[in-house]
Amino acid sequence: MQSFIEVTSIDIPELSIFHELSENQLYHYNEPDLGLFIAESPKVIGRALDAGYEPVSLLLEKELSEKEASEIIERCLSIGSKDGASSAVPVYVADSSILTKITGFHLTRGVLCAMKRKPLESVSDLIARTEAKRVAVLENVTNPTNAGAIVRNAAALGMDAILFTSGCTDPLYRRAARVSMGTVFQVPWTIISDEERISCLKELGFKTVALALRNDTKVIDDPELKAAEKIAVFLGAEGDGLLPETIASCDYCVKIPMAHGVDSLNVAACSALAFWELGRR
């Protein structure tokens, strides 16, 4: 097995991807080729590997190399050593204090993996491949925590695919992927253009449902919605919600009833209720 590379200082050029580069810089790291992202924790990394993402390098807490991270290390090394070739995936190990200096915070699961991005499918290709009938559409959801929570809700509660507008946070940003518990690698997703976010789905046979705080709405358990063969559920930005033109263009507008004078729910909480009700078939 390849020897681990012990790290005693953060001043190693090969580790710059873990602590010097922003998420946006990682995204553009290999231009014109696809960039990188950082996956955190054995569970998230494992699900990324399951989905076919290629590891570039591992950075982990030394004491975990024979514990929680052992299987991840073995899988990453085996990917780089197919057909008898020597592994090209370096494994860096460090004490927790060094890791904290590198990442800027204490890693509760002590494992980071730099991975290559994969090409994204078109919306029509994704829908055709997955035969999706229940789709979540996120419009300008910029908070990675909310995006990750929505992805996890979608995975658990019956959504077949997720579409992100260009104004959303990147679903592969470290925090978004971590909050999703790696389900971002299990639920098919892609980017949908702002111009086609509704027309494209209608052409593919979806009834479009906007979740909004309006009074001219249907109840979320309306039989007409339940009877629709294909439904695309639109969720809007934190605070502002969906754009007015999005609401106007959707086939239906749905409001989740509130009690005790509460005016709205967090978008992630809202998504769980919507997916539970509209995802059942």
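From a predicted model like this one, the values you see are computed outputs, not experimental measurements.
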Rounded to the nearest 0.5 Å, how far apart are CZ of R152 and CZ of R178? 12.5 Å
As a quick check of understanding, evaluate side chain to side chain contact (heavy atoms under 4.5 Å, CB included) for V151 and F164, giving each step before the final call. CA-CA 11 Å; V151 169; F164 298 86; 3.8 Å; yes
Does the structure place the NZ or CZ of K218 under 6.0 Å from the centre of the six-membered ring of Y252, at an angle of no more than 45° from the ring's axis? no
In terms of side-chain heavy atoms, does D160 have a donor or acceptor partner in T130 at a distance below 3.5 Å? no
Quick one, L36 and M115 - any side-chain contact, counting heavy atoms below 4.5 Å? no
Could you tell me whether a side-chain N or O of S122 sits under 3.5 Å from a main-chain N or O of D125, the two making a donor and an acceptor? yes
Using every non-hydrogen atom in the two residues, find where V187 and M159 come nearest and quote the distance to one decimal. CG1-O, 4.3 Å
Hey, does the Lys NZ or Arg CZ of K116 hover above the aromatic six-ring of Y53, less than 6.0 Å from the centre and inside 45° of the axis? no
What's the separation between atom CD in Q25 and atom CD in E31, rounded to the nearest 0.5 Å? 11.5 Å
Neighbour count above 12 (heavy atom, 6.0 Å) for E238 CD: yes
Considering all heavy atoms of both residues, which atom of C113 and which atom of I45 are nearest to each other, and what is their separation? CB-CD1, 3.6 Å
Apply side chain to side chain contact (heavy atoms under 4.5 Å, CB included) to the pair V93 and L59, showing each step before the final yes or no. CA-CA 6 Å; V93 297; L59 172 63; over 6 Å; no
Can you tell me how far the CG atom of L157 sits from the CD atom of E277, to the nearest 0.5 Å? 11.5 Å
Mind listing the closest non-hydrogen atom pair of I17 and L26 along with its distance? O-CD2, 3.8 Å
T169 side chain to N143 backbone, donor-acceptor under 3.5 Å: no
Looking at D33 and R117, is any side-chain nitrogen of the basic one under 4.0 Å from a carboxylate oxygen of the acidic one? no
Is the closest side-chain heavy-atom distance between V184 and L172 below 4.5 Å? yes
Give a yes or no on whether L242 and L265 share a hydrophobic cluster (residues Ile, Leu, Val, Met, Phe, Trp, Tyr; joining criterion: side-chain heavy atoms under 4.5 Å apart). no
Can you confirm whether C76 sits close enough to I73 that some side-chain heavy atom of one is under 4.5 Å from a side-chain heavy atom of the other? no
When every non-hydrogen atom of R174 is compared with those of E40, the smallest separation belongs to CD-OE1, 3.0 Å
Verify same cluster id: L273, V254 (apolar side-chain graph, 4.5 Å): yes
For a 4.5 angstrom cut-off between non-hydrogen side-chain atoms, does L120 reach W189? yes
Between atom NE2 of H19 and atom CG of L15, what is the distance when rounded to the nearest 0.5 Å? 6.0 Å
Does a donor on one side chain and an acceptor on the other come within less than 3.5 Å for T246 and E139? yes
Would you indicate whether K202, at its atom NZ, is surrounded by more than 12 heavy atoms from other residues, nucleotides or ligands within a distance under 6.0 Å? yes
Using side chain to side chain contact (heavy atoms under 4.5 Å, CB included), reason through C168 and T142 one step at a time and then give a plain yes or no. CA-CA 5 Å; C168 287; T142 59; over 6 Å; no
Let me confirm one number: the CD-CD1 distance from E245 to I198, rounded to the nearest 0.5 Å. 8.5 Å
Residue pair R175 / T145, side-chain donor-acceptor N/O under 3.5 Å: yes
What distance separates L77 CG from F4 CZ, expressed to the nearest 0.5 Å? 7.0 Å
Please tell me if the side chains of N266 and N146 come closer than 4.5 Å, counting only heavy atoms from C-beta onward. yes
Assigning hydrophobic clusters by single linkage (Ile, Leu, Val, Met, Phe, Trp, Tyr; side-chain heavy-atom cutoff under 4.5 Å), is I192 placed with V141? no
When clusters are formed by joining ILVMFWY residues with side-chain heavy atoms under 4.5 Å apart, either directly or through shared neighbours, do I12 and Y29 land in the same one? yes
For I191 versus S166, what's the shortest heavy-atom pair and its separation? CG2-N, 4.2 Å
Please tell me whether I231 and L204 are part of a single hydrophobic cluster in this structure, the criterion being side-chain heavy atoms less than 4.5 Å apart. no
I want to know whether F37 and Y27 have ring centres closer than 6.0 Å. no
Between F185 and R47, which heavy-atom pair has the shortest distance, and what is it? CB-O, 3.5 Å
Please test L201 against R197 for side chain to side chain contact (heavy atoms under 4.5 Å, CB included), starting from the C-alpha separation and ending with a verdict. CA-CA 7 Å; L201 288 165; R197 65 189 183 282; over 6 Å; no
Taking the side chain as C-beta and beyond, is there a heavy-atom pair between V135 and L163 under 4.5 Å? yes
Can you tell if the side chain of L235 reaches within under 4.5 Å of the side chain of C270, non-hydrogen atoms only? yes
Side chains of L138 and I162 in contact at under 4.5 Å (non-hydrogen atoms): yes
Side-chain donor or acceptor of T208 paired with backbone N/O of D251 under 3.5 Å: yes
How about K207: does its NZ atom have over 12 heavy atoms from other parts shown lying under 6.0 Å from it? no
Strictly distance-based, threshold 3.5 Å: is any side-chain N or O of N153 a donor or acceptor partner for the main-chain N or O of A268? yes
